[in-house]
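Shown next, in structure tokens, is the structure this report addresses.
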Amino acid sequence: MSSSQEQYKKLQNDIRNHDHAYYILDDPEISDGEYDALFQNLLKIEIDNPEWITSESPSQRVGTKPETDFVSISHRKQMLSLANAFNEKDIYDFHERIIKNLSDAPKLRYFCEPKMDGAAISLVYENGILIRGVTRGDGTVGEDITSNIRTLKSIPLALKESNDAFPKMIEVRGEIFISKVDFLNLNSAAALEDQKVFANPRNAAAGSLRQLDPMVTSSRPLAFFAHGIGACDGSTFTSLEELFKSFAGWGLPVNQLNRSVDSIELCLEYFQEIERSRDKIPFEIDGVVFKVADIAMQNNLGEIARSPRWAIAHKFPAEEATTEIVGIDFQVGRTGILTPVAKLKSINVGGVNVSKCTLHNIDELQRLDPRVGDQAVIKRAGDVIPKMIRVIPLKKSRGLSVSIPKSCPCCNSKVVTNSQSDWHVLSSDNKLLKKFSSLYEANEYIENHSSQGLVIDEKKINSPFIKCSGDNLCPEIIQGKFTHFVSRKAMDIDGLGQEILATLIQKKFVKEYADIFKLEEHRIQLASLERFGEKSVDNLIKSIRLASKVDLFRVVYSLGIEEVGETTARNLAMHFGEFNELSDATFEELLTIQDIGPRVASKIKDYFSERGNQEIIENLLPLLEIILPKSKDEEGSKLRGLQIAITGKLTSMSRDELKDILLENGAKVTSSISKNTSYLVAGENAGSKLTKAKELDVKILEENDIGSFLNDPKKFF
Ligand code: IVH
């Protein structure tokens with residue numbers, strides 16, 4: 001057997017094991033996205049090597065073997081599965097195939113439905129009475145779960161009389177599912193009682209259906225939507241619109257998000273719409289389904305490889321994936337905070353490869369209790385950084401719980417709790433008079449009541465963050481501070497990556513920020529260092545020179561003052577206009593600035609009152625040419641009051657550059673579109689944001705408009 005054929009056999013075997021874990025144990029080891037990828041891979045190999053296919057290949061059957069605890073029942077008509085589409089091209093191909101096979105394609109309508117992430121069942125009604133409920137099983141034979149199904153309030157035991165007469169016999173097909181909220185409640189109740197938690201709502205639904213005791217099923221919050229029919233004696237439907245109307249009339253629950261459309265383009269719009277509102281939909285869906293609405297057309301199209309030719313599932317890119325935890329360690333950031341980070345077996349989540357995931361702090365670490373060798377479910381929605389949702393301990397003998405370090409993994413200094421304090425002002429007889437979140441406010445209060453013998457008491461607040469006490473002696477903290485200083489949103493110096501910075505720090509070329517702007521003096525020594533050549537030193541010097549002409553807010557942000565992010569730095573720069581005004585500002589003045597409260601104000605005051613920081617700044621400022629913000633009443637307020645969003649690819653500048661220009665002119669730049677958005681700047685390949693902006697009547701600016709918009713925004717009002 002060739003090695004690629006061996007790999008093919010192994011792939012078959014892996015898929016079989018995953019099928020077992022998923023269908024029989026209700027306890028999958030990988031996410032749906034990964035399973036789909038494995039299956040697609042298998043199909044691809046089989047297309048290239050059809051002679052390898054044997055009847056045991058997972059591609060040769062749908063679903064899996066029924067469990068033996070339940071009585072097996074043959075479906076009167078096979079329960080098919082859906083072919084999957086992962087992009088627009090797949091959908092256009094599907095549409096083309098249909099048109100090619102139909103003579104009356106112009107009248108083509110599609111019925112669009114969310115693809116429920118639940119368990120498929122078949123309900124047999126005879127003369128309107130529920131006589132049997134069966135799981136899908138392998139599509140041909142399922143399990144008799146009638147007693148369990150009869151406990152579900154959402155499934156009528158008898159169909160309601162309506163305008164549409166019941167067929168003599170009908171197999172109603174649909175999905176059993178659990179809403180997101182019910183799933184969370186179910187799992188937290190299970191966890192409280194030390195019972196097994198379910199990996200996802202679908203497994204919870206499937207597991208609940210296959211309980212031997214119907215009382216257990218009845219205690220589970222199972223819901224149902226009908227989405228089709230199997231065998232039917234005496235049917236009169238000519239379209240899915242009619243069928244779903246009858247379902248509703250008979251009291252069968254149908255999804256309110258279903259919609260009939262008359263073009264494939266509208267199908268794609270439906271996909272985008274549902275994908276956009278996915279978070280707000282109260283149950284899990286993993287895509288949408290498009291079905292040819294006309295039943296006669298469906299019959300003409302028929303089926304292929306146990307999937308109907310008349311329907312397709314358009315899947316969302318998987319946002320959740322399951323992978324193995326290969327390590328957990330603590331990373332030291334520029335503020336000294338030790339962050340637990342899980343190293344993962346690399347996995348693709350929503351189109352991005354993820355190989356590590358922050359666990360934020362000690363509370364989160366203890367809540368998740370991840371251990372090396374466990375599986376972890378990782379979620380990444382949109383641009384959001386990956387988050388560990390839960391841990392699935394697969395092996396009985398798990399690794400050890402992670403212990404909280406007592407000393408810094410980098411410099412060995414003691415680890416302390418990064419505690420915050422409240423400041424209590426006590427009367428002379430020790431009664432609490434007032435609480436403050438900063439020492440400044442407490443002091444001020446005392447000064448105003450100086451005759452009364454008041455005292456201040458520091459009360460530490462519990463914090464889930466731990467910190468290296470090494471401060472400026474810890475190499476990781478130093479490296480972190482410089483990395484922040486040169487980063488894109490700070491001083492934006494190209495050519496100072498992690499390794500180069502580390503060398504410069506280690507060889508003592510760079511001890512404080514000012515040294516970066518003096519590197520030019522060491523041009524010759526630098527060029528002789530490993531990893532540096534004359535050319536790269538030249539480039540580095542060039543970008544340092546460029547960066548020395550810099551906006552005030554960038555200087556403020558680059559100092560890395562605790563609690564001062566990019567927006568606060570901009571607000572500070574705009575308010576004070578000059579560096580010295582900011583460093584000399586009083587606590588009270590800081591409090592008058594937008595979004596600055598006592599805690600942030602005291603961090604700023606603390607920073608500027610430290611002698612070491614004053615020296616760093618004194619050495620740095622003379623080497624910079626600081627661009628001061630335009631005063632509020634001139635240029636800078638041109639776009640005041642406007643909310644602007646940016647989407648698509650711009651060609652003349654980056655989106656960040658445009659964002660800077662808009663912010664400098666007083667606009668608020670938002671990442672999402674709402675009815676409050678004033679303009680959307682739409683670049684090339686603008687997608688869902690553009691559609692939404694049009695829906696909400698938001699004014700659209702093209703890239704070409706930007707220049708004249710900035711010159712005279714009023715022209716565009
Ligand atoms: S129609 C012939 N509609 O997806 C078409 N299926 O692989 C059969 N599903 O087993 C199914 N939502 O469990 C259809 N709106 C929907 C669906 C849906 C979820 C599931 C169903 C089926 C699987 C198809």
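Everything quoted here is computed from the prediction, not taken from an experiment. Order of appearance sets the numbers: ligands from 1, and atoms from 1 within every ligand.
When each atom of ligand 1 is checked for a heavy atom of Glu113 under 4.0 Å away, the hits are 3 (N), 15 (N), 16 (C). Atoms of ligand 1 found under 4.0 Å from any heavy atom of Arg136 (numbered from 1 in listed order, with element): 10 (O).
Counting non-hydrogen atoms of other residues, nucleotides and ligands closer than 6.0 Å to CZ of Arg76 gives a total of 12 or fewer. Annotation: Lys180, atom NZ; neighbour count of heavy atoms from other residues, nucleotides and ligands within 6.0 Å is above 12. The environment of CZ in Arg390 is crowded: more than 12 heavy-atom neighbours from other residues, nucleotides or ligands sit within 6.0 Å.
At the top of the distance list for atom 23 (C) of ligand 1, counting protein heavy atoms only, stands Lys115 NZ, 4.1 Å. In this structure, the protein non-hydrogen atom closest to atom 3 (N) of ligand 1 is Lys291 NZ, 3.1 Å. Of the protein's non-hydrogen atoms, the one nearest atom 5 (C) of ligand 1 is Leu82 CD2, 3.7 Å. Nearest protein heavy-atom neighbour of atom 13 (O) of ligand 1: Glu175 OE1, 2.7 Å. Scanning the protein for heavy atoms near atom 12 (N) of ligand 1, the closest one is Met116 N, 2.9 Å. In terms of protein heavy-atom proximity, atom 11 (C) of ligand 1 is nearest to His227 CE1, 4.0 Å. Looking at atom 8 (C) of ligand 1, its nearest protein heavy atom turns out to be Leu80 O, 3.9 Å. Of all protein heavy atoms, the one closest to atom 22 (C) of ligand 1 is Ala120 CB, 4.4 Å.
The pair Lys89-Asp93 meets the salt-bridge criterion, since a charged nitrogen lies less than 4.0 angstrom from a carboxylate oxygen. Taking 4.0 Å as the cut-off between side-chain N and carboxylate O, Asp262 and Arg109 do not count as a salt-bridged pair. Using a cutoff of 4.0 Å between basic side-chain nitrogens and carboxylate oxygens, Arg367 and Glu364 are scored as salt-bridged. Between Lys107 and Asp294, no side-chain nitrogen of the basic residue sits less than 4.0 Å from a carboxylate oxygen of the acidic one, so the salt-bridge criterion is not met.
Residue Met79 does not touch ligand 1, judged by heavy-atom distances below 4.0 Å.
Just one residue in the list Glu273, Glu269, Glu113 forms a salt bridge (charged side-chain N to carboxylate O under 4.0 Å, His left out) with Arg259, and that residue is Glu273.
With hydrogens and angles left out, the side-chain atoms of Glu242 and Thr238 include a donor and acceptor closer than 3.5 Å.
Using a non-hydrogen distance threshold of 4.0 Å, Pro308 registers as a contact of ligand 1. Heavy atoms of Pro114 come nearer than 4.0 angstrom to ligand 1 in at least one pair. Heavy-atom distances between Glu303 and ligand 1 stay at or above 4.0 Å for every pair.
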